[in-house]
Amino acid sequence: VQLQASGGGLVQAGGSLRLSCAASGIRFSGNTVGWYRQAPGKQRELVASISSGGRINDADFVKGRFSISRDNAKNTVYLQMNSLKPEDTAVYYCKVVIGRNYWGQGTQVTVSS
């Protein structure tokens, strides 16, 4: 079982990035997948999640800026991040729960002011 997160990078404030989380060994369809982030010295926090039925739960701090989506045919979940702010700088992780937590390896997002 492996989750591969990608798409991070360095971007200026106001810019955009799209993160991808691709799974192998498991199927995302039928399961809730979430994006989390962890900034230095802070706890990991939920950014957004999407259920198998497409129901979205996102944090207040990303409403109107980030959107989560899934492509079950590609077994991939995306996080489109727009209007990025320096405080969005963190390592972003994807997670799926199938009996236990499966985490991706994380992808660094750095937003410069």
Side-chain angles (χ1 to χ4, degrees):
V1 176
Q2 188 174 19
L3 303 185
Q4 182 70 40
S6 61
L10 173 64
V11 64
Q12 288 188 331
S16 299
L17 286 172
R18 188 176 82 153
L19 306 184
S20 299
C21 178
S24 59
I26 56 173
R27 295 298 303 176
F28 274 159
S29 59
N31 295 284
T32 296
V33 181
W35 281 100
Y36 293 74
R37 70 184 187 185
Q38 187 166 19
K42 295 187 177 181
Q43 290 189 331
R44 194 170 296 188
E45 60 184 354
L46 174 69
V47 176
S49 64
I50 184 167
S51 72
S52 59
R55 184 172 62 187
I56 292 171
N57 177 34
D58 53 7
D60 287 342
F61 57 77
V62 302
K63 288 187 187 297
R65 299 191 300 127
F66 295 5
S67 62
I68 189 171
S69 61
R70 63 194 301 158
D71 185 335
N72 288 335
K74 295 183 178 179
N75 212 26
T76 300
V77 172
Y78 303 97
L79 184 69
Q80 178 67 43
M81 305 188 296
N82 300 324
S83 302
L84 282 160
K85 304 175 181 180
E87 52 263 44
D88 295 318
T89 295
V91 179
Y92 284 71
Y93 301 88
C94 55
K95 185 189 83 171
V96 63
V97 180
I98 305 176
R100 48 153 282 190
N101 292 338
Y102 292 96
W103 290 94
Q105 85 285 5
T107 184
Q108 176 70 47
V109 172
T110 303
V111 184
S112 63
S113 57

In terms of heavy-atom contacts, Leu46 and Trp35 come closest through CD1-O, 3.6 Å

Quick check on the hydrophobic clustering: are Ile50 and Tyr78 connected, directly or via other members, by side-chain heavy-atom contacts under 4.5 Å?
no

If you look only at distance, which donor and acceptor atoms sit under 3.5 Å apart when one is on a side chain in residues 93-103 and the other is two or more places apart or in another chain?
unit_1 : atom_1 : unit_2 : atom_2 : d
Lys95  : NZ     : Tyr36  : OH     : 3.2

Go through the steps for Met81 and Arg65 under the test side-chain contact (heavy atoms from CB on, under 4.5 Å), then give the verdict.
CA-CA 6 Å; Met81 305 188 296; Arg65 299 191 300 127; over 6 Å; no

Would a 4.5 Å heavy-atom cut-off, applied to side chains only, mark Phe66 and Val47 as touching?
yes

State, to 0.1 Å, how close Asn75 and Ser29 come at their nearest heavy-atom pair, and which atoms those are.
OD1-N, 4.4 Å

Using atom types as modelled and distance alone, determine if a side-chain donor or acceptor of Arg70 lies under 3.5 Å from a backbone N or O of Phe28.
yes

Taking the side chain as everything from C-beta on, heavy atoms only, tell me whether Asn31 gets closer than 4.5 Å to Ser52.
no

From OG (Ser69) to CD1 (Ile56), nearest 0.5 Å
7.5 Å

Smallest heavy-atom separation, Ile68 atom then Val33 atom, equals CD1-O, 3.9 Å

Rounded to the nearest 0.5 Å, what separation is found between the CZ atom of Arg44 and the CZ atom of Arg37?
13.0 Å

How about Lys63: does its NZ atom have over 12 heavy atoms from other parts shown lying under 6.0 Å from it?
yes

Are the side chains of Thr89 and Gln108 in contact, using a 4.5 Å heavy-atom criterion?
yes

Can you give the donor-acceptor pairs under 3.5 Å from side chains of residues 5-27 to other protein atoms, not counting sequence neighbours?
unit_1 : atom_1 : unit_2 : atom_2 : d
Ser16  : OG     : Asn82  : OD1    : 2.9
Arg27  : NH2    : Asn72  : O      : 3.0

For Glu87, salt bridge (Lys or Arg N to Asp or Glu O under 4.0 Å) partners two or more places apart:
none

